[in-house]
Amino acid sequence: MTDIKIIFFDIDGTLTHHEDGSIPSSTRNAIGELLDRGIRVVAATGRPLSMCGEIRDLGIETFITANGGYGIHGEEVIFQSVLSPATVEAVSSFAMEIGHGLSFYTDSLSMNGIEERRTMPALFETLGLKDYPPVVEKMEEEVYLMCLFADDESIGRYHNRFPELTFRRWHPFILNVLETDVSKSIAMKKILDHFGLHPSEAMAFGDGGNDIDMLQLAGMGVAMGNAGAELKSVADFVTKPSGEDGIAFALGELELISIKARS
């Protein structure tokens, strides 16, 4: 596929092993060869930028973080979506009042301190976290995204309290809290525009619900073998699980890297 000039990769469960969070050596080799061949590589993640150090070490310089709320190339900020302090304060107070976890994406990640049995599994599944993030009582930094930890039974209370906000579910227990529309595909368009590229020249890899729109926008969408059925249904190609060399396998099958890099 010689017309592919840029590839967007989700991180957790895509670039990283879906079970232990490590980066397979085959993935490291594959990313290195893509970069050597002059193909742009973008990490598109729910993580904040502060949690992307190991991905930078792969040679990746372009990042979409906070589920599309922040985009950077090198040291250049391409775009950012900042929630109003009034919204951050109001949603924070309401979440504390009724007992729901809330995470804040600044340059780092913090939470409001509320944890239940589903919180840490959700944090590991989406961000690879094994420990609860730092707790902040009053947010004074710019917030690019808030994520609410709640089930479908309780989310109606937020819709009633904040009709002007959008609560978009992207995980069975996590929702984005949005003032304006933010997604990986919207961020992807901004990155493509920045580099003067068309979606037909892009490939995207993912494994989660927040990757669906990104795979749909790309000229070639690749679902990991560990992805859910909904994502696989919109993909052009379904590869092996991330922990079974899924990245290298797909890139090799699609003739974007050499066979050597797949081993």
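All residue numbers in this chain count up from 1 along the given sequence.
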Could you pull out every donor-acceptor pair under 3.5 Å between side chains of residues 136-143 and any protein atom, sequence neighbours left out?
none

Who else is in Val182's hydrophobic cluster (ILVMFWY, side-chain heavy atoms under 4.5 Å, direct or via others)? Met51, Tyr105, Leu109, Met111, Met120, Leu123, Leu127, Leu129, Tyr132, Val135, Leu145, Phe149, Trp170, Phe173, Ile174, Leu178
Name every donor-acceptor pair, under 3.5 Å, that has one atom in a side chain of residues 35-42 and the other anywhere in the protein, sequence neighbours excluded.
{"unit_1": "Arg37", "atom_1": "NE", "unit_2": "Glu33", "atom_2": "OE2", "d": "2.9"}
{"unit_1": "Arg37", "atom_1": "NH1", "unit_2": "Leu256", "atom_2": "O", "d": "3.2"}
{"unit_1": "Arg37", "atom_1": "NH2", "unit_2": "Glu33", "atom_2": "OE2", "d": "2.6"}

Give a yes or no on whether Glu230 atom CD has more than 12 heavy-atom contacts from other residues, nucleotides or ligands under 6.0 Å away. no
So that I can tick it off, tell me whether Lys184 and Asp213 are bridged by a salt bridge, with the cut-off set at under 4.0 angstrom between side-chain N and carboxylate O. no
Summary of side-chain hydrogen bond (donor to acceptor under 3.5 Å, both in side chains) pairs that have at least one residue in residues 50-59, sequence neighbours excluded: Arg47-Glu54
Do any pairs count as a ring pair (Phe, Tyr, Trp, His ring centres under 6.0 Å) and have a residue in residues 187-218, sequence neighbours left out, and if so which ones? Phe9-Phe205, His73-Phe195
Keeping Thr14 on the side-chain end and Ile11 on the backbone end, is there a donor-acceptor pair under 3.5 Å? no
Which of Tyr70, Phe104, Phe79 passes ring pair (Phe, Tyr, Trp, His ring centres under 6.0 Å) with Tyr144? Answer is Tyr70
Between side-chain atoms of residues 158-166 and protein atoms elsewhere (two or more places apart, or another chain), which donor-acceptor pairs fall under 3.5 Å?
{"unit_1": "Tyr158", "atom_1": "OH", "unit_2": "His100", "atom_2": "ND1", "d": "2.8"}
{"unit_1": "Asn160", "atom_1": "ND2", "unit_2": "Gly156", "atom_2": "O", "d": "3.3"}

Modelled atom types, side-chain donor and acceptor of Ser26 and Asn29, under 3.5 Å: no
Does the side chain of Ser93 pick up a donor-acceptor pair with the side chain of Glu97 at under 3.5 Å? no
Counting only heavy atoms not in Lys240 (residues, nucleotides, ligands), do more than 12 fall under 6.0 Å from its NZ? no
